[in-house]
Number of protein chains: 2
Amino acid sequence: MKNAQRTKKQGTDELQRGVLERLATVFKLLSEPTRLAILHELRNRSQSVGELVATLGTSQANVSKQLRILFDHSILGRKQSGNQVFYEILEPGVFGLCAEVCRLLNRRAENNGHIQYDI
Amino acid sequence: MKNAQRTKKQGTDELQRGVLERLATVFKLLSEPTRLAILHELRNRSQSVGELVATLGTSQANVSKQLRILFDHSILGRKQSGNQVFYEILEPGVFGLCAEVCRLLNRRAENNGHIQYDI
DNA sequence: ATTCTAAATCGCTAATTAACCATATACCGT
DNA sequence: ACGGTATATGGTTAATTAGCGATTTAGAAT
């Protein structure tokens, strides 16, 4: 129990607002298709902003902004290389979350007779 | 391969926008603290709107609205009982998602020397 | 029917934000 | 220094939405 002092032990029923807010923040990061597309693109290899812009169907400004959001939350890391900036996944846990949502959606889809995705 | 015809098989690299949007929609549902609080409250037992209003610190109108959103997405079911309406979890998978986010946050928190949550 | 209670809906405001265009910054080659 | 390329930022717009108070709808009980 090393961290006992700093550990907040909450009752079974009452859950602190702050905890819910942190959870919500993570979900919110993943609640935009463009950001999910960025994560998916970076899954297997780091890429420069330009590469991402070429792949995703949106403006350079928008890609840059979404990258910043993910970077600011430490989901992505960045490495400058000369003229370009390469982004990489720092938090692979996000893919586990996506996979779990896919399973959830597929479970539902089965009831309608078709399988839909795999990320 | 029963569902082959209706199954969309996508290439390794290109991911349909629609899939990302559906994923994003699920994450968005979970991206508000009030909705997470509702889910947490309902985890162990169905509750009426009134009970939820008494527990959560927000207006009846707001609770009702958030319940509707979760209901419309089939995360919750409702059962009328006389004067009251009871809501219940229809999609327990959401708790798995919350737990995974907690683990993700805890992994990060460990680097700062404290454990934070458990939902 | 009337009253009481429970839940849903309406109208509104304030805050957030994705996406765009235009501009600025920064780095490289010449 | 200068031009070219890559990325970031500023400013704006349009859309979404959480939350509130007020009202409406619906059921229960008298």
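Convention: sequence-line order gives letters A, B, ...; per-chain numbering from 1. In what follows, every heavy atom counts, from backbone to side chain, and hydrogens, waters and symmetry copies are set aside.
The separation between A:E21 atom CD and D:dG19 atom C1' is 14 Å, rounded to whole Å. For the pair A:D72 CG and D:dA8 P, the computed distance is 11 Å after rounding to whole Å. Distance, A:F27 CZ to C:dT17 P: 17 Å, rounded to whole Å. Put simply, CG on B:L29 is 10 Å from P on D:dA18, counting in whole angstrom units. Rounded to an integer number of Å, the gap from CD of B:Q47 to C1' of C:dA6 is 15 Å. Atom CG in A:L56 sits roughly 13 Å away from atom P in D:dT7 (whole-Å rounding). Nucleotide C:dA19 holds its C1' atom 17 Å from the CZ atom of A:R68, rounded to whole Å. Rounded to an integer number of Å, the gap from A:F71 CZ to D:dT7 C1' is 13 Å.
In terms of modelled atom types and a separation under 3.5 Å, the side chain of B:Q66 and the main chain of B:I38 share no donor-acceptor contact. A side-chain donor-acceptor contact under 3.5 Å links B:R35 to the backbone of B:L29. Judged by distance alone, the side chain of A:S31 and the main-chain N or O of A:K28 form a donor-acceptor pair under 3.5 Å. Side-chain N or O atoms of A:R78 include none that pairs as donor or acceptor with a backbone N or O of A:L67 at under 3.5 Å.
Ranked by how close their nearest DNA chain C nucleotide is to the 5' end, A:N62 and B:N83 are led by B:N83. When each of A:Q80 and A:G57 is assigned the nucleotide of DNA chain C bearing its nearest heavy atom, the one mapping closer to the 5' terminus is A:G57. Of the two residues contacting DNA chain D, namely A:K65 and A:Q84, the nearest-nucleotide position lying further toward the 5' end is that of A:Q84.
Taking only side-chain nitrogens and oxygens, B:T58 comes nearer than 4.0 Å to OP1 or OP2 of D:dC20. Taking 4.0 angstrom as the limit, B:T34 places a side-chain polar atom (N or O) nearer than this to OP1 or OP2 of D:dG19. Between B:K28 and the phosphate of D:dT16, there is no side-chain N or O to OP1/OP2 separation shorter than 4.0 Å. Between B:Y87 and C:dA8 there is a side-chain polar atom (N or O) within less than 4.0 angstrom of OP1 or OP2. At the phosphate of D:dA8, OP1 or OP2 sits under 4.0 Å from a side-chain N or O atom of A:R78. For D:dC20, one of the phosphate oxygens OP1 or OP2 lies less than 4.0 angstrom from a side-chain nitrogen or oxygen of B:S59.
Between B:I75 and B:L30 the shortest side-chain heavy-atom distance does not fall below 4.5 Å.
Minimum atom distance to the side chain of A:Q66 is reached by C:dA18, of the listed D:dT9, C:dT9, C:dA18. The A:V85 side chain lies nearest to D:dA8 when the options are D:dT16, D:dA8, C:dT9.
If you check distances only, the side chain of B:Q60 never reaches the base of C:dA6 with a donor-acceptor pair under 3.5 Å.
Looking at heavy-atom distances under 4.0 Å, B:L52 makes no contact with the nucleic acid at all.
Taking a cutoff of 4.0 Å between a charged side-chain nitrogen and a carboxylate oxygen, A:R107 and A:E110 do not qualify as a salt bridge.
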